[in-house]
J.: 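Got a structure for you, questions after.
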Amino acid sequence: MTENPHDAAEPTRAERWKKAEQPPPAGPRPAPRWAQRGPGSARAYAPASASTACPVCRRPVEGELTCQFCGQVMVLPPGIHLSTVGLRFGGFLLENLLMICTLYIGWLIWAFLVFPRGQTPAKQLLHMRVLYIPEARAARWWRMFFREFIAKGIIGLLAAVTLLIPYFWLLWDRNRQELWDKMATTLVITDPEDRLRPSPQPPAELPAGWS
């Protein structure tokens with residue numbers, strides 16, 4: 001009777017016990033999976049230092065993306081803050097009013113024109129802007145389209161069966177994000193001086209001999 005070649009390679013029970021009794025390797029243990037900050041959370045893009053101070057109010061930030069006291073966004077120049085809850089609610093009301101007054105068609109054309117600046121019609125009037133967190137810049141056209149039509153549509157369906165609770169998410173969120181902001185990895189900020197407005201791209205130079 002021939003021996004199974006796989007039996008010789010399989011460790012014995014004593015060898016398995018001896019291996020299990022060996023001490024773990026020296027050095028720091030890797031962080032558990034739940035403690036590792038990933039791109040799905042806005043806090044993943046917070047400053048690395050745990051003792052960073054807010055440049056505006058000088059309060060400790062401790063690794064947060066935004067100051068929990070004054071709303072300063074830590075990855076942006078001083079003076080650019082999160083939009084307040086009241087301003088966000090006012091923007092919601094103004095957005096719907098513009099939709100009604102322009103029969104939605106005018107709002108849609110206006111929105112497509114300002115999407116590349118990280119804005120909607122109401123946000124443009126109120127000097128608000130949508131920030132794409134990983135690149136610390138205004139959201140571009142496709143991200144705004146995803147946020148306004150796809151992500152908000154999904155959350156709207158969820159809100160319809162949950163007593164509209166998802167619409168109030170920013171009231172307890174540390175970065176005042178709505179659920180569609182989390183889906184699009186965005187923040188809503190107040191930018192009264194248009195410091196984050198994308199600069200127009202310079203025209204490409206034509207080769208020599210072209211006119």
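Atoms considered below: every heavy atom in the structure, side chains included; atoms not considered: hydrogens, waters and symmetry mates.
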J.: Tell me whether the guanidinium CZ or amine NZ of Arg137 lies under 6.0 angstrom from the six-membered ring centre of Tyr132 and within 45° of its axis.
T.: no
J.: To the nearest 0.5 Å, what is the distance between CD on Gln119 and CZ on Arg129?
T.: 4.0 Å
J.: Evaluate the ring planes of Trp142 and Phe145, with Trp represented by its six-membered ring, and classify them as parallel (under 30°), tilted (30 to 60°) or perpendicular (over 60°).
T.: perpendicular
J.: Specify the closest pair of heavy atoms between Val85 and Leu171, including all atoms of both residues, with the distance to one decimal.
T.: CG1-CD2, 3.6 Å
J.: Just verifying a value: how many Å separate Thr185 OG1 and Glu135 CD, rounded to the nearest 0.5 Å?
T.: 10.5 Å
J.: Check for me, please, whether Phe92 and Leu98 land in the same ILVMFWY cluster - side-chain distances under 4.5 Å, paths through other members count.
T.: no
J.: Can you give me the closest heavy-atom contact between Leu126 and Gly91, atom names plus distance?
T.: CD1-CA, 3.6 Å
J.: Looking at CZ of Phe112 and CG of Leu108, how far apart are the two atoms once the value is rounded to the nearest 0.5 Å?
T.: 4.0 Å
J.: State plainly whether one hydrophobic cluster holds both Val130 and Leu113, where clusters connect Ile, Leu, Val, Met, Phe, Trp and Tyr through side-chain heavy atoms under 4.5 angstrom apart.
T.: no
J.: Measure the shortest side-chain to side-chain distance between Lys123 and Val188 over non-hydrogen atoms and say whether it is less than 4.5 angstrom.
T.: yes
J.: Please answer whether the main-chain N or O of Thr120 pairs with a side-chain N or O of Glu148 as donor and acceptor at a distance below 3.5 Å.
T.: no
J.: Got a donor-acceptor contact below 3.5 angstrom from the Gln68 side chain to the Thr66 backbone?
T.: yes
J.: Please report the closest heavy-atom contact between Pro77 and Arg195, naming both atoms and the distance.
T.: CB-NH1, 3.9 Å
J.: Let me confirm one number: the CG-OG1 distance from Leu164 to Thr162, rounded to the nearest 0.5 Å.
T.: 7.0 Å
J.: Of all heavy-atom pairs between Asn175 and Asp173, which one has the smallest distance, and what is that distance?
T.: N-OD2, 2.9 Å
J.: Are Ser83 and Arg176 close enough, and set up right, to give a side chain to side chain contact (heavy atoms under 4.5 Å, CB included), and what steps lead you there?
T.: CA-CA 8 Å; Ser83 295; Arg176 298 178 197 161; over 6 Å; no
J.: Any non-hydrogen side-chain atom of Lys182 less than 4.5 Å from a side-chain atom of Ile155?
T.: no
J.: Does a side-chain heavy-atom distance below 4.5 Å link Ile133 with Thr186?
T.: no
J.: Is there a side chain to side chain contact (heavy atoms under 4.5 Å, CB included) between Leu82 and Val73? Walk through the geometry before answering.
T.: CA-CA 7 Å; Leu82 290 174; Val73 183; 4.2 Å; yes
J.: Would you say Met144 ends up clustered with Leu196 if hydrophobic residues are merged whenever their side chains have heavy atoms under 4.5 Å apart, either directly or through other cluster members?
T.: no
J.: Please name all residues satisfying side chain to side chain contact (heavy atoms under 4.5 Å, CB included) with Arg58, sequence neighbours left out, ordered by chain then number.
T.: none
J.: Judged by atom type as modelled, is there a donor-acceptor pair below 3.5 Å linking the side chain of Thr102 to the main-chain atoms of Ile105?
T.: no
J.: Considering only NZ, NE, NH1 and NH2 on the basic side and carboxylate oxygens on the acidic side, decide whether Asp194 and Arg117 come within less than 4.0 Å.
T.: no
J.: With sequence neighbours left out, what residues match Trp110 under ring-ring contact (aromatic ring centres under 6.0 Å, His included)?
T.: none
J.: Might you point out which heavy atoms bring Arg140 and Ala138 nearest each other, and give the distance in Å?
T.: NH1-O, 2.7 Å
J.: From Cys54 SG over to His81 NE2, what is the distance, rounded to the nearest 0.5 angstrom?
T.: 6.5 Å
J.: Could you pull out the closest heavy-atom pair between Arg197 and Asp191, with the gap in Å?
T.: N-OD2, 4.1 Å
J.: Report yes if the side chains of Met74 and Leu65 come closer than 4.5 Å at any heavy-atom pair, otherwise no.
T.: no
J.: In terms of heavy-atom contacts, does CZ of Phe149 have more than 12 from other residues, nucleotides or ligands at under 6.0 Å?
T.: yes
J.: Taking Trp107 as the starting point, is it possible to reach Val114 by hopping between hydrophobic residues whose side chains are less than 4.5 Å apart?
T.: yes
J.: For a 4.5 angstrom cut-off between non-hydrogen side-chain atoms, does Pro55 reach Gln72?
T.: yes
J.: Give, for atom CG of Leu76 and atom CG of Leu187, the distance between the pair rounded to the nearest 0.5 Å.
T.: 8.0 Å
J.: Membership question, hydrophobic clusters at under 4.5 Å side-chain separation (ILVMFWY): are Leu157 and Tyr167 in the same one?
T.: no
J.: Taking only Lys NZ, Arg NE, NH1 and NH2, and the carboxylate oxygens of Asp or Glu, determine whether Arg88 and Asp181 approach each other closer than 4.0 Å.
T.: yes
